[in-house]
Amino acid sequence: MSHAVPLPAHTWPQLEPGWVWLCGAGPGDPGLLTLHAVNALRQANVVIYDALVQEAILEWAPQAEHIYAGKRGGKPSAKQRDISLRLVDLARAGKRVLRLKGGDPFVFGRGGEEAQTLVQHGIPIRIIPGISAGIGGLAYAGIPVTHRDVNQSVTFVTGHDQSGNATGSLDWQAISKGSQVIVIYMGMKHIAHITRQLIDAGRSLSEPVAVVCTATTPEQQVLETTLGTIVDDIATSGLEPPAIICVGQSVLMRQVLDWQGMAEGQAPRDLDPLGRGRPAESA
Ligand code: SAH
């Protein structure tokens with residue numbers, strides 16, 4: 001960025017000893033860190049990070065001790081309490097503690113639980129939101145999470161509950177009827193169950209679905225499929241979590257908006273993958 005003008009002056013908050021900042025690291029690409037996240041990474045003595053935080057992001061905190069606190073989905077999560085108490089201990093030891101979580105800490109990330117434990121123990125906290133995979137990850141696949149004429153609402157769901165089972169408490173009928181676009185986190189393990197629920201609730205077998213794996217990283221892979229074929233397509237593709245699964249017509253926008261690999265002078269693309277006419281010139 002040497003050609004860029006300097007950033008405007010701004011008073012950045014100080015990460016004081018004895019504090020814990022719960023911070024979203026975004027979906028992977030370090031460029032999606034917020035300025036507050038970078039400010040925190042530069043000041044921390046200790047960074048406690050999850051499995052979904054990319055190694056490249058830890059390089060932004062070379063001065064800090066890096067502690068891995070990973071849990072993978074479906075495994076027993078008894079360690080959650082240990083992680084929260086570790087944060088308490090580090091804060092009480094006078095460290096400047098940065099708790100770094102993938103995406104946004106308050107989106108299917110247990111950030112709320114960790115924050116509760118800290119507050120219960122009298123530890124002062126700050127929350128730094130991050131770009132959630134269900135929004136930013138889809139954007140990196142050229143899929144707008146909302147698109148005028150397609151959806152006026154979007155539902156974010158988790159594919160499994162705390163113990164790794166398919167989420168029994170979700171009302172798939174209501175979600176299917178009420179939300180044109182459904183964005184599923186942690187959906188790979190129970191994809192057969194989830195698609196059956198959606199089809200039983202009336203969603204079409206031909207409904208477009210995208211599976212976006214390790215979104216925003218150099219390893220990003222995107223599978224375009226349908227509700228009727230997703231289970232077989234995931235099996236034959238060999239795709240692995242982490243993945244965001246997007247169900248709905250907005251997936252078709254990728255045919256036009258898949259921006260990775262775009263080049264100057266490329267052929268114009270058909271603007272009308274949804275068959276709804278060209279976007280209006282004015283708002
Ligand atoms: N707090 C995180 C979500 C944690 S739950 C956030 O806001 O993004 C973990 C799930 O998030 C994964 O199973 C996957 O569904 C999704 N996820 C997180 N990072 C991802 C990535 N880079 N690519 C695809 N999915 C991702």
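All ligand and atom numbering here is 1-based and tracks the order in the structure.
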Notebook entry, point to check: Are His36 and Trp12 an aromatic pair by the rule of ring centers under 6.0 Å?
Noted result: yes
Interatomic distance, CG@Asp232 vs OG1@Thr225, rounded to 0.5 Å, equals 8.5 Å
Separation between CG (Leu138) and CZ (Arg254), nearest 0.5 Å, reads 10.5 Å
Is the closest N or O pair between [X] and ligand 1 shorter than 3.5 Å?
X	answer
Ile131	no
Cys213	no
Val107	yes
Gly109	no
Tyr185	no
Ala133	yes
Pro27	yes

With a 4.0 Å cut-off on heavy atoms, is [X] touching ligand 1?
X	value
Ala243	yes
Thr216	no
Gly102	yes

*Taking NZ, NE, NH1 and NH2 as the nitrogens, is one of them in Asp50 or Arg99 under 4.0 Å from a carboxylate oxygen of the other?*
yes
Under 4.0 Å between a side-chain nitrogen and a carboxylate oxygen: does that hold for Glu113 and Arg81?
no
Give the numbers and elements of all ligand 1 atoms closer than 4.0 Å to a heavy atom of [X].
X	result
Phe108	4 (C), 5 (S)
Leu52	9 (C), 18 (C)
Asp104	1 (N), 6 (C), 7 (O)
Ser132	6 (C), 7 (O), 8 (O)
Val212	24 (C)

**Asked** How about Val47 and Leu100: do any of their side-chain heavy atoms sit closer than 4.5 Å?
**Response** yes
Quick look: Thr217 vs ligand 1, heavy-atom contacts under 4.0 Å, and the answer is neither
Note: Thr214, heavy atoms under 4.0 Å from ligand 1, region reported as backbone
For Pro13, is there any backbone N or O sitting under 3.5 Å from a side-chain donor or acceptor partner on Gln43?
yes
- So, the side chain of Thr216 versus the backbone of Asp29: is there a donor-acceptor pair under 3.5 Å, distance only? yes
ring-ring contact (aromatic ring centres under 6.0 Å, His included) filter on Phe108, not counting sequence neighbours, yields Tyr185
For Tyr140, the other hydrophobic cluster members (4.5 Å side-chain criterion, sorted by chain and number) are Leu32, Ile131, Trp259, Met262
In short, Cys213 meets Glu240 closest at the heavy-atom pair SG-O, 3.6 Å
